[in-house]
*Asks:* 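This is the structure I have questions about; it appears just below.
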Amino acid sequence: MFGWEFPPHILGGLGTASYGLTKGMVECGDMDITFVIPKPWGDEDKSFAKIVGANCTPVVWKDVTYQYVEKRIGYCTDPQTYFDMRNHIYADFSYMHTNDLGCIEFSGRYPENLLEEINNYSIVAGVIARTESFDIIHSHDWLTYPAGIHAKKVTGKPLVIHVHATDFDRSRGNVNPKVFAIEKDGMNYADHIITVSDLTRRTVIEKYGINPSKVTTVHNAVEPISPQIEALKPERNTNDKVVTFLGRITMQKGPEYFVEAAAKVLKRTKGVRFVMAGSGDKMEEMIQLAADRDIADKFHFTGFLKGMQVYEMLKSSDVYIMPSVSEPFGISPLEAMQVGVPSIISKQSGCAEILNNVIKTDYWDIDSMADAIYSIVTYPAMYEHLRIEGKNEVDQIVWTKAGQKVIDIYNNILNH
Amino acid sequence: MKTICFYFQIHQPFRLKRYRFFDIGKDSYYYDDFLNESIIARLVRESYIPALHTLFEMIEESGKQFKVAFSISGIAIEQFEIYAPEVLELLQKLNKTGCVEFLGETYAHSLSSLIDPTEFMNQVYKHSAKIESLFGKRPKVFRNTELIYSEEVAAEVSKLGFKGMLAEGAKHILGWKSPNYIYRSMAAPNLKLLMRNFKFSDDITFRFSDYNWSEYPLTADKYMNWIAATDPKEQVFCLFMSLDALGGIQKAESGIFDFMKALPYFAKEKNISFSTPSEAIKRYEVMDSITTLHPFSWADEERDTTAWLGNKLQTEAFEKLYSIGERVRLCSDRRIQQDWSYLQCSDHFYYMSTKHFADGSVHKLFSPYESPFEAFTNYMNVLSDFITRVEAQYPSSIENEELNSLLQTIHNQADEIHLLKDEIKKLKSKKPKAGA
């Protein structure tokens, strides 16, 4: 599998989903998974998959000793793997910038020169594909499609691509032609395409012109929460009800609709506060908007939250809201429901396809959104019902089920 | 001689309009007139008118051998008065044949029997009065909302002077007993019970046009054969359904009207008669008594009350509504009384059911809302406004008893003022005499 993120060092939902799916598949049995990421940190969970770092894979032959390799990258890679890989360098990449081990450096994030990093990643993929033995190639999201294509060309093994999002979701329709080209290329080369929701499936079919028979939806699931999170009892510093938006503050997530709905609620109701947690390029605009609507005293920004802070925030909330304009899946409402927080989600999010005990509104319908918020904070039965039934429901959504579906797809391809 | 007891329910709620929380306190008109009118208009056109015509023909052509009973909620009557008076005229025409019985129920098609005996009683009286004013006879047999039956309701109904009551022939209540007899209530031995035969009823309501059904197509001949083939001792077959089963659920194209028209002929052939509920309980003997721990109804697979009161949302809304019952009854404002009645409709609670997540079916079919949560929110917003209006009449800081005595005092004082005024008048009229 080619991925870009892997917990615990994640930047968005992609890492969580790749991790959950891999684990779920392994739990279904009889799977050996090698998971390639640009830059491992060494603290990834290696119990169920072999983690290979692109930045630990040599593309230029360097004469180094075992001890030296162990000292340099032993925290995340077995030195033997390094030497195996070194034997499969397939071309002369000495014109490229490499380090003392002959490896290309990766940020593992989403830097300015992302396209270059994607290209480098696919160069490395050539070495890995020649070294490792496998039956199927699985690429998570567009960043790794070129790597998947490369591996397919080298080995002739079937390629499955996993569409966690498309550029149509990220850009509200103003697609970056370069990104589109990479996505389209990946879809054309793929033997099968997995999408995280029917919404995304439609996008793939309609906007990228892919044959529907090649596209299957496997909805994401959610990891059960750890006892550590379960035990978390954040202190609440206010008696007011707290309504929370949590995620990247970008155009895709529809933050302005949240602010507008908040303004509507606050006009009529006391004892409610609104929190916008996270960061993003729209944050300043949102602070400005909250001030314009004259609700800044009840509308709070937390900045970027990580790790436990996320759950602390969720646990001290009474309502979780995700007004995304276009959300391929959207795992965060499931996480909110796990800790018993009633959720409001936009109908334009993929998870709306599988969730029942949530309130669904159109992202642009701020009246309806305000009404839903009001209802949850005002009517105890609504809160209780969503809290209890929501948790029950989300506890049934497990990765092993999703994993089994992916395995079935693999078997189908391999038997053809 | 076997007999068939046909009964049709006619009910439509006043559906609420989309009512946002910002409307609370500003807008006190709650109903979606357009939606209500269009639904009534469609049902009248597709079902009610052709169905009632068919029943009329059946009575005429069978030489008044065919009998039928109706129960019409007060709320449905109000809608007919507004949107489709021709339905009422047709019912009156049917009534004149003498082969038709009208049953009693709660005016608002409410669930008040489960929580508020006073309200229940008031509504039954109100409904009986309405039926008497339209059809000239007070109902003698009772049908509770959605055939909800419990020991308490039975005792109450008997006290209100009804001779019989309809109930669902639910398997978990009857056990090995057959629904095809007359029973009596354990709680009120004078109250006779007619048990719905759900197999034969649903054959018409749900399965008639179902291609996948092994008995498709159902003909009147076959249907009467089934009834004739039952044990000779089983004599009363209660076919209870909603009137929109004819033409609404089973479309006219399915041949449902022709099926109905053919029934009396084949019934006669098999020596099966038709009776109204009153005739049935008079003519046939009581077999046994029925007892139940929990209320049961004709809804869903479970035949209990969870279709309306199965989740937290429903019970909260239900309890909130009836918590102000006593207060509302003290109000004399007609608009408040009217809204109070419309808001009690069981349908509002039905829309909040989350059961359809599992079984997919009927709940969603009839709901004007996209989700039960929307139904709840909308209803609660309306209810909040309604409660505010009730409280504006009488502040909630005053206890009901105190309020009652204050109202009494005011009332007495009004009487006294009247008396005094009269006296002044009298004295004044005497005065000139004295002066003269």
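Chain identifiers are assigned alphabetically (A, B, ...) following the order of the sequence lines, protein sequences preceding nucleic acid strands; residue numbering begins at 1 within each chain. The figures that follow rest on heavy atoms only: side chains count, while hydrogens, waters and symmetry mates do not.
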*Asks:* In this structure, is the centre-to-centre distance between the rings of B:Tyr19 and B:Tyr30 below 6.0 Å?
*Replies:*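 Ring-ring flag for B:Tyr30/B:Tyr19: true, centres closer than 6.0 Å.
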
*Asks:* Would you call A:Asp365 and A:Lys360 a salt bridge, taking side-chain N to carboxylate O under 4.0 Å as the test?
*Replies:*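 Salt bridge: no.
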
*Asks:* Chain A heavy atoms under 4.5 Å from B:Thr315: which part of the residue, side chain, backbone, both or neither?
*Replies:*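 Answer is neither: B:Thr315 stays 4.5 Å or more from chain A.
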
*Asks:* Is B:Phe376 close to chain A through its backbone or its side chain, or both, or neither, when contacts mean heavy atoms under 4.5 Å?
*Replies:*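 The answer is the side chain of B:Phe376.
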
*Asks:* Is it true that the side chains of B:His109 and B:Ser346 contain a donor and an acceptor less than 3.5 Å apart?
*Replies:*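 Short answer, yes.
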
*Asks:* Sort A:Lys267 into side chain, backbone, both or neither according to what part of it lies under 4.5 angstrom from a heavy atom of chain B.
*Replies:*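 The answer is neither part of A:Lys267.
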
*Asks:* With chain B as the partner, which of A:Met382, A:Glu389, A:Lys264 has the greatest number of non-hydrogen pairs under 4.5 Å?
*Replies:*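 Answer, by heavy-atom pair count under 4.5 Å with chain B: A:Met382.
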
*Asks:* Heavy-atom cut-off 4.5 Å, strictly under: side chain, backbone, both or neither for A:Ile376 against chain B?
*Replies:*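 When you check distances to chain B, no heavy atom of A:Ile376 falls under 4.5 Å.
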
*Asks:* May I ask you to check whether A:Phe258 and A:Phe299 place their ring centers less than 6.0 Å from one another?
*Replies:*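 Under 6.0 Å, so yes.
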
*Asks:* Pick one of side chain, backbone, both or neither for A:Thr361, based on which atoms fall under 4.5 Å of a heavy atom in chain B.
*Replies:*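 Neither; nothing under 4.5 Å.
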
*Asks:* Determine, using ring centers only, whether B:Tyr149 and B:Trp298 are less than 6.0 Å apart.
*Replies:*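 Aromatic pair excluded; centres sit 6.0 Å or further apart.
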
*Asks:* Under 4.5 Å heavy-atom distance to chain B, tell me which part of A:Val265 shows up: side chain, backbone, both or neither.
*Replies:*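 Both backbone and side chain.
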
*Asks:* Assess the side chains of A:Tyr383 and A:Thr378: does a donor N or O sit below 3.5 Å from an acceptor N or O?
*Replies:*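 No, no side-chain donor-acceptor contact under 3.5 Å.
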
